[in-house]
Each structure stands twice: as C-alpha cells, then as structure tokens.
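Residue indices begin at 1 and follow the sequence shown.
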Amino acid sequence: MGIYDYKVRDGKGQDVALSDYKGKVLLIVNTATGCGFTPQYDGLQHLYEKFADRGFEILDFPCNQFAGQAPGTDEEIASFCTGRFGITFPQFHKINVNGDKAEPLYTFLKSQAGGVMGSNIKWNFTKFLVDRSGNVVARYAPTKTPQALESEIEKLL
C-alpha cells in the first residue's frame, strides 16, 4: 500500500481519500492545542500561505496521546486553531499516532521514515514530508520549526 491508498476522517467525520492529494507535496503533522510547540501553528500557516498555490498541502491531525495536550472535540480544536492562529489548511479528526489504536496512515508513515528517529512518534508536532509521488522523504522532530523546512519544501515543489 502507498499513501494514496489510505482514507482518513476530517473534523466533521467525513471520509477523505488521500488520493485527493495526489501530485501535491504534503506536510503531515500531529498537533496539539495545549503544547509548548503549539505556537508552530503560526509557522505552519505561513508555509501554507507561501506554497499552497504551488501544490503544497498541510494535513493537520490533532492528537491527545501526549500528556493530554489536545483536549476537546474536533470542533473545539478547530475553533481554537482558526481563532487563535488563523489556520486555513485542512484539519482532520483527532487520532492516535502510536499503539494498537494508531491511525493506519501513521503506522504507514512511521514504517516509511522510522529509521531516522525510531518508529514511535515521540511528541506532538512531529512532521512528515511527502513528495508529489507519495514518497515519504523526511521525518522531523517537533523541535524542527516549520520555517526550517522551507528550503526542503521548495526543492520538492
């Protein structure tokens, strides 16, 4: 299976086929609204505004697995992110990224880029960069800021 074979649920519970993003460069991020890295939403939105018209998408997956830092419903999380950070990129249903109940997409992402930092996601705001062909080309730790990814994204566009 490749990345385009997966389906995920959006914040309203509707299925979304990742094949809808075929041909785009993707940055897939597990996020949280109450994390020390939450201000990265500003940097993510900046990347989205800078590159979206060139075929770049950010896929935001809230995750409450790390110290309960993404409490609330999908609607509450979306309201916080749009109200506080003005995000306009797609935000999906809250998921698990590790363990038996991990979102299958994340199991796939970890298998493709796990060698860099081990297989499990260590914390919120871990980022996966996917090229236009659906290949996972990099995995970044939460400490890597969105701004630090600009040149890598630029190369793929």
Side-chain angles (χ1 to χ4, degrees), residues 1-33 38 40-41 43-66 70-83 85-117 119-140 142 144 146 149-150 152-157:
M1 277 184 73
I3 196 164
Y4 300 129
D5 296 315
Y6 290 91
K7 287 186 180 176
V8 293
R9 288 189 327 193
D10 67 16
K12 297 185 187 326
Q14 302 298 312
D15 284 343
V16 176
L18 288 185
S19 59
D20 292 350
Y21 296 99
K22 201 172 214 174
K24 296 191 176 208
V25 172
L26 306 176
L27 186 64
I28 302 173
V29 188
N30 65 294
T31 60
T33 54
T38 300
Q40 286 189 20
Y41 270 119
L44 292 169
Q45 181 61 30
H46 171 76
L47 288 177
Y48 190 65
E49 290 170 2
K50 184 171 183 174
F51 297 124
D53 64 343
R54 294 174 54 197
F56 175 69
E57 288 286 347
I58 294 173
L59 308 183
D60 174 5
F61 290 90
C63 176
N64 199 38
Q65 275 191 296
F66 304 103
T73 65
D74 289 342
E75 294 80 19
E76 290 167 336
I77 291 169
S79 178
F80 172 85
C81 291
T82 55
F85 297 102
I87 69 160
T88 57
F89 48 82
Q91 190 171 60
F92 294 86
H93 177 69
K94 186 169 25 174
I95 63 166
N96 286 337
V97 296
N98 293 326
D100 293 342
K101 295 182 181 177
E103 176 68 36
L105 169 64
Y106 265 79
T107 301
F108 171 77
L109 292 170
K110 292 183 296 183
S111 76
Q112 299 300 298
V116 178
M117 299 184 314
S119 61
N120 276 338
I121 304 293
K122 302 291 188 223
W123 205 253
N124 303 307
F125 289 88
T126 296
K127 302 159 196 75
F128 291 90
L129 188 59
V130 178
D131 69 14
R132 290 182 187 273
S133 298
N135 301 304
V136 178
V137 296
R139 174 179 172 171
Y140 303 102
K144 185 92 166 183
L149 305 178
E150 283 192 34
E152 300 300 316
I153 294 165
E154 184 79 45
K155 287 178 199 172
L156 296 176
L157 291 172

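Lys94 contributes a side-chain N or O that, together with a main-chain N or O of Ala70, makes up a donor-acceptor pair within less than 3.5 Å. Not a single donor-acceptor pair under 3.5 Å links the side chain of Glu49 to the backbone N or O of His46. No donor-acceptor pair under 3.5 Å is formed between the side chain of Ser79 and the backbone N or O of Glu76. Using a distance-only test at 3.5 Å, with no hydrogens or angles considered, no donor-acceptor pair links the side chain of Gln40 to the main chain of Pro146.
Distance check: Leu47 CG to Ile153 CD1 gives 4.5 Å after rounding to the nearest 0.5 Å. In this structure, Ile87 CD1 and Phe80 CZ are separated by 10.0 Å, a value rounded to the nearest 0.5 Å. Residue Lys7 holds its NZ atom at 10.5 Å from CG of Leu18, rounded to the nearest 0.5 Å. In this structure, Asn135 CG and Leu26 CG are separated by 11.0 Å, a value rounded to the nearest 0.5 Å. Note that OG1 of Thr107 and CG of Asn98 are 8.5 Å apart. Values are rounded to the nearest 0.5 Å.
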Step by step, would you call Lys110 with Asn120 a side-chain contact (heavy atoms from CB on, under 4.5 Å)? CA-CA 7 Å; Lys110 292 183 296 183; Asn120 276 338; 3.8 Å; yes
Side chain to side chain donor-acceptor pair (under 3.5 Å) evaluation trace for Thr31 with Tyr41: CA-CA 9 Å; Thr31 60; Tyr41 270 119; 2.8 Å; yes
Walk me through it: do Ile121 and Phe66 pass the test side-chain contact (heavy atoms from CB on, under 4.5 Å)? CA-CA 10 Å; Ile121 304 293; Phe66 304 103; 3.9 Å; yes
Start with the C-alpha distance between Leu109 and Tyr106, add both sets of side-chain angles, then the distance that settles side-chain contact (heavy atoms from CB on, under 4.5 Å), and finish with yes or no. CA-CA 5 Å; Leu109 292 170; Tyr106 265 79; 4.2 Å; yes
Verdict with reasoning, Glu154 to Arg54, per salt bridge (Lys or Arg N to Asp or Glu O under 4.0 Å): CA-CA 10 Å; Glu154 184 79 45; Arg54 294 174 54 197; 2.8 Å; yes
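In this structure the side chain of Phe85 never reaches within 4.5 angstrom of the side chain of Leu44, judged on heavy atoms. Between Ile58 and Leu27 the shortest side-chain heavy-atom distance falls below 4.5 Å. Side-chain contact between Pro71 and Thr33 is present, with heavy atoms from C-beta onward closer than 4.5 Å. Contact of the Glu150 side chain with the Phe51 side chain is registered, since non-hydrogen atoms from C-beta on lie closer than 4.5 Å. In this structure, Leu59 and Val8 have side chains that are not in contact, with every pair of non-hydrogen atoms separated by 4.5 Å or more. The shortest side-chain heavy-atom distance between Ile3 and Val130 falls under the 4.5 Å cut-off. You'll find the side chain of Thr38 reaches within 4.5 Å of the side chain of Phe125, heavy atoms only. The closest side-chain heavy-atom distance from Arg139 to Thr126 is below 4.5 Å.
For the pair Gln65 and Asn96, the tightest heavy-atom approach, listed with the atom from each and the gap, is CG-OD1, 3.1 Å. Smallest separation of non-hydrogen atoms from Asp10 and Lys12: OD1-N, 2.9 Å. Among all heavy-atom pairs drawn from Cys63 and Asn124, the shortest one is O-OD1, 3.5 Å. Considering all non-hydrogen atoms of both residues, Pro62 and Asp60 come closest at CD-O, 3.5 Å. Contact record, Tyr21 with Pro90: OH-CG, 3.8 Å, taken as the closest heavy-atom pair. Residues Asp131 and Tyr4 come closest through the heavy atom pair O-OH, 4.0 Å.
For the salt bridge (charged side-chain N to carboxylate O under 4.0 Å, His left out) test with Glu57, the passing option among Lys24, Arg132, Lys22 is Lys24; the others fail.
For the side chain to side chain contact (heavy atoms under 4.5 Å, CB included) test, residues two or more places apart in sequence or in another chain that qualify with Lys155 are Glu152.
Between Phe92 and Phe61, the angle of the ring planes stays under 30°, which puts this pair in the parallel group of the 30/60° scheme.
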